[in-house]
Number of protein chains: 2
Amino acid sequence: VTTSNTQALALQEFVQPGHDEFDATSAAAAVLEHLQAGDTGSVRSYFDDLQPADAADILARLDQPHAAQVLALLSIGERAEVFGYLAHSQQAELVAGLRRRDIVALFHEMSADDRADVFNALPEDEQERVLPVLAQAEREDIRRLASYPEGTAGAVMTSEYATLKAELTAREAVEELRRIAPDKETIYNAFIVDETRQVVGVVSLRDLIVARPMTRVAELMETHVITARVEDTAKSAAEKIARYDLNVLPVINGGDRLVGIITADDAMDVAEAESTESFHRVGTVGNLFVSVREASTWLLFQKRVFWLVLLVFGNIFSGAGMAFFEDTIAAHLTLLFFLPLLIGSGGNAGSQSATLMVRALATGDVMLRDWGTMLGREVGVALLLGVVMAAAVSLLGILRGGPEIAIVVSLTMVCVVLVGSLIGMSLPFVLSLLKFDPATASAPLITSIADVVGVLMYFGIATALLPTLAEMAAG
Amino acid sequence: VTTSNTQALALQEFVQPGHDEFDATSAAAAVLEHLQAGDTGSVRSYFDDLQPADAADILARLDQPHAAQVLALLSIGERAEVFGYLAHSQQAELVAGLRRRDIVALFHEMSADDRADVFNALPEDEQERVLPVLAQAEREDIRRLASYPEGTAGAVMTSEYATLKAELTAREAVEELRRIAPDKETIYNAFIVDETRQVVGVVSLRDLIVARPMTRVAELMETHVITARVEDTAKSAAEKIARYDLNVLPVINGGDRLVGIITADDAMDVAEAESTESFHRVGTVGNLFVSVREASTWLLFQKRVFWLVLLVFGNIFSGAGMAFFEDTIAAHLTLLFFLPLLIGSGGNAGSQSATLMVRALATGDVMLRDWGTMLGREVGVALLLGVVMAAAVSLLGILRGGPEIAIVVSLTMVCVVLVGSLIGMSLPFVLSLLKFDPATASAPLITSIADVVGVLMYFGIATALLPTLAEMAAG
């Protein structure tokens, strides 16, 4: 009994909602210890006080049997909440271990969009086992929500939105929202739809409450309603929510009918996933849907090998370039000393330009039509950078190789920084024009291209100038 | 009149709130045209229908006199809303052109956090001109909010939060929220504080509305309240809002007293700014606070030159490495053909690993203590990648340089991919440990390091093996 008490105290330590970083790894270790000691009571009371997001983080760190054991300790309401925070793969794993009765209860408690997501994550035979036991409304809802392709607004929306009639008074509207609240994702914004379910207005609960009780909804509603379409990307819908500071974005279908809403917190999840994806793309890693911590060696290999091999081909051209100028190199081996510095600078300047443009295009700060303007300024910035860098290396050039080499190196530096920058700046635009993700213009790609160009320019300039310069020095 | 009508029609075209991408550049051109034609009437009615965010985007594309002219056409309420969406620099510019009376009215209409931000952006003499004419409450509020350092939770919070007494009934609480709503940023969450202003609970308007009217707030409130501290980073506060799906995060001071709230839409702005910042850092561009589109040549030069020059030093080591092995290179010039390919692959593999870790550390997917586990798996992934890449280039090695070169190149490939990956993976952890931003472990930095290591390994292996291999071939 004493041991169990001590352990219970140890568990209590982790209950610090809000203040410090929640340490899910230690918490999971403690939970595991208690489960193995058979002390389910203190695990239960520990989870009682946890935020669902933290509880889900602990479950993610437990193996399937222990995670299922913890889940069974929670009330059905808590279970549904925690479930919504788990990764799809773990959701599917856990559902497979549940009895049909528990699945029905769990699905019933979940919000419509979570329910559709979990359902989508199940293997087909599980889906067939689950579907017949659900209520008809839930079944239809799942079918409808699950039908939208991943990455679209339709796939992230929920069908549990609140609607109001325009002719209601503010008091009646609040009463109506109160009545329907249990089945709605949010009641802070309600939509007014006409007989064809087209959105004609939106009204906030705040405005309804502040208004005089007998004011009609029709007078209170905002009629310029920002909407997304089911086929829009989830990313663009999330951007609208961020741009216009919305709590809720209504989603309409091909017939302009209201079919769902996307909430601000779902938009935040979308934005984070998008940001991770474009971050990975910039690092030439394929789209990694799972946690990096949990990804297998084989999965990581698959996500990385494509770009690595592809970039090798770029580098073969650089190698061929060097082979082409073998005579010049053999005659002036000192040139090799400056090679990494020159082609590196071109690549680095290009990476910088590409980074600025990729981000600016992603946030809408810069549009395709701004290319011309950007290009003009980029020439100025790059020339300035190139001249400064050339000045810096010219001294090194004199010291290591004499004045002739210094001239070749300085001249090359200005050229590679200029050309590298212009390539880095333009590639995101070109990719955008060709409907590719501009983030594909990643540092490694720019570096590979800048390498080839740098090798050719360096040895080209050296081959052209060195004989003349040597003559002048002699003469 | 006909001309003006045609132009008015042209303007109307842009009023498509919500559906398509809003084209602020064309809209600004049209607005400018109307202003110059003296047709302020249609500009006014055009802005009437615009979302504040879109209106601000148009103003951002006008010069100061025209932007001020448009602003003067708006009602004071619209003006304050649009103002909140403008860049700080433009806010300051426009305020400087306003009469004192208009400034007072504008500041009065703005939310407390916007007001403090605008005030902060003003030059000191403007601040002194503005401060005396403000209401005392606003003045104190500005002083307090403006006192928190940039980037902290205190600097992004607003003081306009709603509080409720625990002993109120749900009906009384709704009535109270209705009464105080005009001065509050949000009434969807209200905080219950004790006599020392410590937060003891939070209650949502939804729960108040759904509850039986006579239920006490004390029974309805959630007592596990997630809070941030004024000195926390704005980033960590935004992460809490995203992690726990909050609408509002209360901010407490050193004495644990409630002093402000951060709303979900402010958190989204913080998250986007943070994401841009770390994106730029990865591309070795300094922190660019302004729009890339508007940044001057000189500013961009400044933000880029530091890293470019710094990386040159890394490349000097690579050059020195090549100079050191000059004899080997001179004896086997074919080796140069494979140089870009080998050191490029090391850098690319390292960039991939770094990208995955930087992002995983930023999102909390991976913690510092996971380094060991990650390292073990990375060895597996990198060896797999290295062997595949080595197999790919060995053929090229045989074709270009014969079997001896092929052996050296393949062996080097495995080594550079392995070492590059381990450096790329570890550097973000090391930077984290040293309290630097892990995003500094950018592709260009990794590439520079991998280049040095690659050059040394390649020519080191070649110098060590080629004589022996040549002997074996001869013997």
Side-chain angles (χ1 to χ4, degrees), chain A residues 17-18 51 53 178 181 187-188 206 209-210 224 226-227 242-245 264-265 268 275-276 279 283-285 291-293 297 300-301 304-305 308 311-312 315-316 318-319 322-323 326 333 336-338 340-341 344 348-349 351-352 355-356 359-360 365-366 377 380-381 384-385 443-444 451, chain B residues 17-18 51 53 178 181 187-188 206 209-210 224 226-227 242-245 264-265 268 275-276 279 283-285 291-293 297 300-301 304-305 308 311-312 315-316 318-319 322-323 326 330 333 336-338 340-341 344 348 351-352 355-356 359-360 365-366 377 380-381 384-385 443-444 451:
Chain A
Q51 297 290 330
R178 174 207 189 122
I187 55 166
Y188 294 148
R206 179 184 179 130
I209 284 198
V210 170
H224 290 117
I226 295 171
T227 57
R243 174 174 173 83
Y244 298 109
D245 287 344
D265 55 339
M268 266 201 229
S275 168
T276 298
F279 211 87
T284 58
V285 182
S291 148
V292 169
R293 200 169 45 77
T297 301
L300 283 175
F301 168 77
R304 293 174 55 178
V305 70
L308 273 192
L311 289 170
V312 159
N315 289 319
I316 288 178
S318 301
M322 294 184 61
E326 217 172 82
L333 274 174
L336 285 178
F337 177 84
F338 299 95
L341 192 152
N348 290 334
S351 304
Q352 290 183 328
T355 302
L356 286 169
R359 186 67 194 168
D365 180 20
V366 162
R377 192 188 51 186
V381 177
L384 216 54
L385 287 169
D451 276 3
Chain B
Q51 297 290 329
R178 172 204 190 126
I187 55 165
Y188 295 146
R206 179 185 180 129
I209 285 199
V210 171
H224 289 114
I226 295 170
T227 57
R243 176 175 171 81
Y244 298 110
D245 287 343
D265 55 339
M268 265 201 230
S275 169
T276 297
F279 210 87
T284 58
V285 182
S291 148
V292 169
R293 201 168 44 79
T297 302
L300 283 174
F301 168 77
R304 292 174 55 178
V305 71
L308 273 192
L311 290 170
V312 159
N315 289 318
I316 287 178
S318 300
M322 294 185 58
E326 216 171 83
L333 274 174
L336 286 178
F337 177 83
F338 299 95
L341 192 154
N348 291 334
S351 303
Q352 289 184 327
T355 302
L356 286 170
R359 186 66 194 170
D365 181 20
V366 161
R377 193 189 51 184
V381 177
L384 215 53
L385 287 170
D451 276 3

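Order of the sequence lines sets the chain letters (A, B, ...), proteins ahead of strands, with each chain counted from 1.
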Please give me the minimum heavy-atom distance between B:P444 and A:S351, naming the atom from each residue. CG-CB, 4.3 Å

Student check: side-chain heavy atoms of A:I316 and B:F337 closer than 4.5 Å: yes

Of all of B:I187, B:L336, B:N315, which one pairs up most often with chain A through heavy atoms under 4.5 Å apart? B:N315

Looking at B:G344, B:A181, B:G380, which one has more heavy-atom pairs under 4.5 Å with chain A than the rest? B:A181

Quick check on A:D451 against chain B: is it the side chain, the backbone, both or neither that has a heavy atom closer than 4.5 Å? neither

Supply the atom-to-atom distance A:M322 CE to B:L333 CG, rounded to the nearest 0.5 angstrom. 9.0 Å

Heavy-atom pair of closest approach, residues A:Q51 and B:H224: NE2-O, 3.5 Å

Under a 4.5 Å cutoff for heavy-atom pairs, which residue among A:R243, A:R359, A:R178 has the most contacts with chain B? A:R359

Those residues that, when tested against A:Y188, pass ring pair (Phe, Tyr, Trp, His ring centres under 6.0 Å) (two or more places apart): B:Y188

Hey, what do you get for CG (A:L308) to CD (B:Q352), rounding to the nearest 0.5 Å? 4.0 Å

B:R304 side, atom CZ; A:L356 side, atom CG - distance, nearest 0.5 Å: 6.5 Å

Looking at B:V312, B:L311, B:V210, B:D265, which makes the most heavy-atom pairs under 4.5 Å with chain A? B:D265

Residues forming a side-chain contact (heavy atoms from CB on, under 4.5 Å) with B:A360, sequence neighbours excluded: A:V292, B:D365, B:V366

